[in-house]
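The structure displayed is predicted, hence computed values, not measured ones.
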Amino acid sequence: MPETAQFVDPRRWKALIFIALAQLMVVLDATIVNIALPSAQADLGISDGNRQWVITAYALAFGGLLLFGGRIADLWGRKRTFIVGLAGFAAASAIGGAALNSGVLLGARALQGVFGALLAPSALSLLAVMFTDPKERAKAFGVFGAIAGGGGAVGLILGGVLTEYMDWRWTFFVNIPFAIAAAIGAVAVIRDPVESRNTSRLDVPGVLLATSGLVSLVYGFTRAESDGWSAGLTIGLFVAAAVLLIAFVAVESRVKAPLLPLRVVTDRNRGGVYASLGLAIIGMFGLFLFLTYYMQVVKGYSPVRTGFAFLPMVAGMITGSTQIGARLMTRVPARLLMGPGFLVASVGMLLLAQIDLDTSYPTLILPGFLLLGLGMGTAFMPAMSLATHGVEPRDAGVASAMVNTSQQVGGAIGTALLNTIAASATTEYAKSHAAGAPSRTALELQSMVHGYTAAIWWAVGILVLAAVIAITMVNAGHQGGGGAVAGSDEGAAEDAIPVMAH
């Protein structure tokens with residue numbers, strides 16, 4: 001295996017600026033469109049039944065093609081894939097912003113997902129191959145982790161400002177300057193080591209099985225939210241996803257050059273990272289959704305005020321990621337940052353489960369947001385680094401894609417599962433309290449809040465489970481160099497790679 005760690009790229013810190021800018025654009029897009037959706041729906045005459053497709057079209061393309069995008073990054077080179085992803089994402093955003101009907105808008109969202117699936121894994125894998133010194137790697141992943149964790153909340157702010165003071169179309173157009181700046185910077189300063197590419201023939205059966213399986217899984221959760229968990233289509237999609245993904249694993253274990261080498265996911269530490277990150281995202285996605293509606297519908301906040309209300313959580317994530325995670329990652333085993341981080345976040349979530357009609361923002365929501373952000377930032381940073389830590393350079397793209405896949409699938413599950421729980425609890429509360437309600441409006445609002453808190457309680461439990469998995473499954477030593485990752489379960493001798501070999 002080539003030893004690329006001997007070369008230290010003098011422009012790596014400049015490269016980090018443009019990689020982080022691209023990552024921010026992708027993460028922003030996950031929430032910025034949510035704020036603009038009501039305005040876009042009214043402007044283009046999108047029916048309530050088709051409204052969800054503005055979100056779903058992106059999620060299906062992005063989630064379904066992430067593994068393929070990661071393998072393309074390993075095959076083509078991460079810099080080239082990164083630039084192509086940026087150019088395509090900008091073009092798709094321009095089409096979406098200029099859309100005159102729902103069909104064009106939905107097509108643009110699907111295209112954004114396609115190019116986002118190229119962009120996201122190539123960005124993370126560029127960090128993995130460019131930053132090889134443990135302390136520098138910690139700082140770089142601290143920045144990346146803060147953006148990955150807090151970018152969604154920033155999207156809520158930016159979406160509110162653009163929608164309220166400009167036009168919903170600017171939630172698409174705003175991506176264009178981000179993409180142009182990142183692409184120009186990438187051409188100028190990013191160096192992708194040629195020797196780290198995986199030039200093996202593309203595993204076409206693996207691509208087809210993985211893409212169709214992940215699309216079925218993500219779409220199954222989307223349909224569960226709208227049609228119910230027992231609907232025929234929902235069950236059919238889950239069955240199809242299980243069959244396709246099992247077939248995918250069977251194929252990958254036999255082909256010479258698999259799309260996803262099983263050594264990437266069977267490693268105990270990476271498996272623990274993927275599972276715990278996916279669970280944490282389930283809780284986070286639900287919280288963004290419920291608290292956005294709570295502050296706008298129940299508390300009467302404007303979109304802009306709602307966005308700014310999330311700022312303390314962003315500040316907590318940045319602090320946890322750069323000041324705690326990055327400083328301790330090279331001294332403390334990842335599980336001792338991830339586990340406590342998720343537990344601190346669960347305490348913040350526990351506070352937010354106490355919201356009511358007259359809850360004060362400074363006394364309850366603010367401390368809840370701060371704890372949630374601090375905990376998530378502390379946990380996300382070492383988790384994202386460990387996911388690509390010690391992996392062969394030729395596998396960096398697919399290992400990075402698995403991080404994004406676990407987050408994307410987690411988001412789909414979180415949205416569907418927690419929405420279903422909230423809707424059921426809301427209906428039950430309204431039925432049982434209809435007789436003694438002072439007014440219909442008061443009953444509707446109280447029922448809504450009860451549904452939110454019921455779902456947030458589930459999110460608390462899910463975060464605790466993420467902490468348990470992180471503490472019990474992740475057994476690697478600290479990421480400070482000096483030998484192989486402790487406790488690695490890479491089976492074959494050729495996969496026993498020094499920690500900073502790439």
Query raised in the report: Nearest 0.5 Å, what's the CZ-CG distance between Arg78 and Leu119?
Result: 14.5 Å

Query raised in the report: Looking at Gly85 and Leu118, what are the two nearest heavy atoms and their distance?
Result: CA-CB, 4.3 Å

Query raised in the report: Where the side chain of Gln112 meets the backbone of Ala92, is there a donor-acceptor pair that is under 3.5 Å apart?
Result: no

Report task. Supply the atom-to-atom distance Ser400 OG to Leu126 CG, rounded to the nearest 0.5 angstrom. Result -> 8.5 Å

**Report entry** Audit row: Leu291, Ile456, side chain to side chain contact (heavy atoms under 4.5 Å, CB included) steps and yes/no
**Finding:** CA-CA 10 Å; Leu291 266 295; Ile456 294 172; 3.8 Å; yes

Requested in this report: Give, for atom CE of Met338 and atom CE of Met473, the distance between the pair rounded to the nearest 0.5 Å.
Outcome: 10.0 Å

Query raised in the report: What orientation do Tyr58 and Phe62 show, parallel under 30°, tilted 30 to 60°, or perpendicular over 60°?
Result: parallel

Query raised in the report: Under 3.5 Å, side chain of Ser321 to main-chain N/O of Ile318, donor-acceptor pair present?
Result: no

Requested in this report: May I have the step-by-step check of side chain to side chain contact (heavy atoms under 4.5 Å, CB included) for Val464 and Phe342, ending in yes or no?
Outcome: CA-CA 7 Å; Val464 171; Phe342 288 137; over 6 Å; no

Query - Over all atoms of both residues, closest heavy-atom pair of Arg335 and Ala476 - result: NH1-O, 3.6 Å

**Report entry** Minimum heavy-atom distance Leu364-Leu351, with the two atoms named
**Finding:** CD2-O, 3.1 Å

Report task. State, with a plain yes or no, whether a side-chain heavy atom of Lys139 is found less than 4.5 Å away from one of Trp13. Result -> yes

**Report entry** Validation row: Leu162, Ile32 side chains within 4.5 angstrom (heavy atoms)
**Finding:** yes

Query raised in the report: Where do Val218 and Leu60 come nearest, in terms of heavy atoms and distance?
Result: CG1-CD2, 3.8 Å

Query raised in the report: Is there side-chain contact between Met284 and Met376, with at least one heavy-atom pair below 4.5 Å?
Result: yes

Query raised in the report: Within a reach of under 6.0 Å around CH2 of Trp170, are more than 12 heavy atoms found that belong to other residues, nucleotides or ligands?
Result: no

Query raised in the report: Do the non-hydrogen side-chain atoms of Phe221 and Leu417 ever get within less than 4.5 Å of each other?
Result: no

Report summary line: Rounded to the nearest 0.5 angstrom, the CE-CZ distance for Met313 and Phe369 is 5.5 Å

Query raised in the report: Is there a donor-acceptor pair under 3.5 Å between the side chain of Tyr361 and the backbone N or O of Ala309?
Result: yes

**Report entry** Side chain to side chain, Leu214 and Phe68, heavy atoms closer than 4.5 Å
**Finding:** no

Requested in this report: Provide the closest heavy-atom pair for Ala455 versus Phe290 in the form atom of the first, atom of the second, distance.
Outcome: CB-CE1, 3.3 Å

Query raised in the report: What do you reckon, are the aromatic ring centroids of Phe82 and Trp76 less than 6.0 Å apart?
Result: no

**Report entry** Euclidean distance, Leu259 CG relative to Leu75 CG, rounded to 0.5 Å
**Finding:** 11.0 Å

Query raised in the report: Is it true that a side-chain atom of Ser385 and a backbone atom of Pro382 form a donor plus acceptor pair closer than 3.5 Å?
Result: no

Query raised in the report: Does the pair Ile83 and Ile190 meet the rule for a side chain to side chain contact (heavy atoms under 4.5 Å, CB included), with working shown?
Result: CA-CA 10 Å; Ile83 293 169; Ile190 289 179; over 6 Å; no

**Report entry** Under 3.5 Å donor-acceptor, Arg254 side chain and Ala250 backbone
**Finding:** yes

**Report entry** CA sep, side-chain torsions, deciding dist, call: Ile324, Leu374, side chain to side chain contact (heavy atoms under 4.5 Å, CB included)
**Finding:** CA-CA 9 Å; Ile324 301 176; Leu374 195 66; 4.0 Å; yes

**Report entry** Phe178 side chain reached by Leu86 side chain, heavy atoms, under 4.5 Å
**Finding:** no

**Report entry** Phe131 backbone acceptor or donor facing Arg12 side chain under 3.5 Å
**Finding:** no

Query raised in the report: Donor-acceptor pair, Asn269 side chain versus Asn475 backbone, under 3.5 Å?
Result: yes

Requested in this report: Using atom types as modelled and distance alone, determine if a side-chain donor or acceptor of Arg268 lies under 3.5 Å from a backbone N or O of Val474.
Outcome: no

Query raised in the report: So do Val84 and Ile72 actually touch side chain to side chain, heavy atoms under 4.5 Å?
Result: no

Query raised in the report: Got Pro261 and Val264 here, is their nearest side-chain heavy-atom distance under 4.5 Å?
Result: yes

Query raised in the report: Taking atom CG of Leu127 and atom CD of Gln23, what is their separation to the nearest 0.5 Å?
Result: 9.0 Å

**Report entry** Atom of Ala466, atom of Leu279 and distance for their closest heavy-atom approach
**Finding:** CB-CB, 3.9 Å

